[in-house]
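Scroll down for the structure; my scribbles are underneath it.
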Amino acid sequence: MAGGAGSGPGALPRPRADLAGLPPYVAGRPPSSPPGLTPYKLSSNENPYPPLPGVLEAATRAVAAMERYPDMGVTALYRALADRLDLVPEQLSAGTGSTAVLFQLISAFCGPGDEVVVPWRSFEAYPIAITVAGARGVPVPLTADARHDLEAMADAVTERTRVLIVCTPNNPTGPALRHAELDAFLDRIPARVLVVVDEAYAEFVRHADPVDGLRLLRERPNVALLRTFSKAYGLAGLRVGYLASTVSIAGAVRSVSLPFGVSAPAQAAAVASLDAQDLLSERVDALVAERDRLVAGLTGHGWRLPEAQGNFVWLPAGARTAELVAAAETVAISVRGFAGVGVRVTVGEPEANQRIVAALGPLARRAG
Ligand SMILES: *Cc1c(COP(=O)(O)O)cnc(C)c1O
């Protein structure tokens, strides 16, 4: 008998019907490699540097004990983070990347019918996490200069809102919130709404009033910070990120996490990375300088770009997105195109960034 739908004798297992609407997570593509050109991958906001000193050794020692489960209590990492952030370990919840932590948070706080207010366009994992929990996403369009529309986000909060997410700097567009504007915004949000501040790129912010997430956490009982070792720390392949919040919120997120989620090499590498703060800061500074050169090069060609505060630059290319992706491809660089909207270029090796300016700069839409 063909098919097998329905509940008759021939019925086959079926996933939840609402998962049919699940948006895909599009991973950044690897670059093509034409002969004679070193290929570069600028499509996933990865860090171009090798592991920080001591990190590979720490991870390797942990790999050697692969017959054992990792420390389910994530003890050493929680202790190191708590010391650094002046929190107690119970305020933390780690996961396989902060993306996993976000999924756990949404499923701990939202069920069917609950609403989650998100900026849009923003991180593509948000609508997936919301749909998986059976909740309803309430996307609030960015402003014309690709910033969060905080006014409209506050207005979007209803009785059914359980969680609200801000992403600063915003992936994929780049602008970062100011502490003062976020603080004023939070005054408008009822304390029963959990406000998630996704700080995946916080280390790269260089404006005068950066968001002080830890201060928000000290002052408000409904704030959770999401942080990751994937971007500034360069551990994307090991999968480790965390939430910092109140003991109660962190405990709820821990309660729904997969047992033994964060591998021993990931835990060890994260702890060792925290010990290499000076070199980390140097590398982040170098990437910020490269970012500013990339922005200057592109704007010099006539591109008008939104504020770039992460380790990436956003070209609002609209209908010409595919053309730009193809132009980067011809110089052996993969970038991330969002069909019909724009192109996100990760700040990478200086040679890669220069090649991007040369290839995409001249494609600027002439103003006026
Ligand atoms: C990269 C990223 C994350 C976290 O990624 P993980 O590798 O899962 O830790 C979270 N939020 C945003 C906006 C990101 O761009």
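For the single chain, residues carry numbers from 1 onward in sequence order. Atoms within a ligand are numbered from 1 in the order they appear, just like the ligands themselves.
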Is it true that R188 and D155 have a side-chain N and a carboxylate O under 4.0 angstrom from each other?
yes
Ignoring angles and geometry beyond distance, decide whether S230 reaches within less than 3.5 Å of ligand 1 through its nitrogen or oxygen atoms.
yes
Using a strict cut-off of 4.0 Å, indicate which atoms of ligand 1 neighbour a heavy atom of R239.
6 (P), 7 (O), 8 (O)
What's the shortest distance from atom 9 (O) of ligand 1 to any protein heavy atom, and which residue and atom give it?
T228 OG1, 2.5 Å
Report the nearest protein non-hydrogen atom to atom 8 (O) of ligand 1: residue, atom name, distance rounded to 0.1 Å.
T99 OG1, 2.6 Å
Atom 4 (C) of ligand 1: which protein heavy atom is closest, and how many Å away?
S98 OG, 3.0 Å
Touching ligand 1 at all, A236? Heavy atoms, strictly under 4.0 Å?
no
Which pairs count as salt bridge (charged side-chain N to carboxylate O under 4.0 Å, His left out) when at least one residue sits in residues 34-48, sequence neighbours excluded?
K41-E46
Apply the test side-chain hydrogen bond (donor to acceptor under 3.5 Å, both in side chains) to residues Y126 and D198: give CA-CA distance (whole Å), side-chain angles for both, the deciding distance (0.1 Å), then the verdict.
CA-CA 11 Å; Y126 300 156; D198 187 340; 2.7 Å; yes
Any Lys/Arg nitrogen of D187 or R220 sitting under 4.0 Å from an Asp/Glu carboxylate oxygen of the other?
yes
In terms of residue, atom name and distance, what is the protein heavy atom nearest to atom 15 (O) of ligand 1?
Y201 OH, 2.6 Å
Need the ligand 1 atom indices (1-based, order shown) with element for anything under 4.0 Å from a heavy-atom of G97.
6 (P), 8 (O), 9 (O)
Looking only at distance, does T96 have an N or O less than 3.5 Å from an N or O of ligand 1?
no
Check ion pair R304-D145 (N to O, under 4.0 angstrom)
no
Heavy-atom gap G241 to ligand 1 smaller than 4.0 Å
no
Under a 3.5 Å cutoff, is there a donor and acceptor pairing between the side chains of D149 and T143?
no
Output field: ring centroids F312/F204 closer than 6.0 Å:
no
Within a strict 4.5 Å, meaning less than it, do heavy atoms of the I356 and E351 side chains meet?
no
Output the list of atoms in ligand 1 that are nearer than 4.0 Å to some heavy atom of N171, sorted by atom number.
13 (C), 14 (C), 15 (O)
Inter- and intrachain pairs under salt bridge (charged side-chain N to carboxylate O under 4.0 Å, His left out), touching residues 48-70, at least two apart:
none
What protein heavy atom is closest to atom 11 (N) of ligand 1, reported as residue, atom name and distance in Å?
D198 OD2, 2.7 Å
Which of the numbered atoms in ligand 1 are below 4.0 angstrom from a heavy atom of C167?
13 (C)
Identify the closest protein heavy atom to atom 3 (C) of ligand 1: which residue and atom is it, and at what distance?
K231 NZ, 3.5 Å
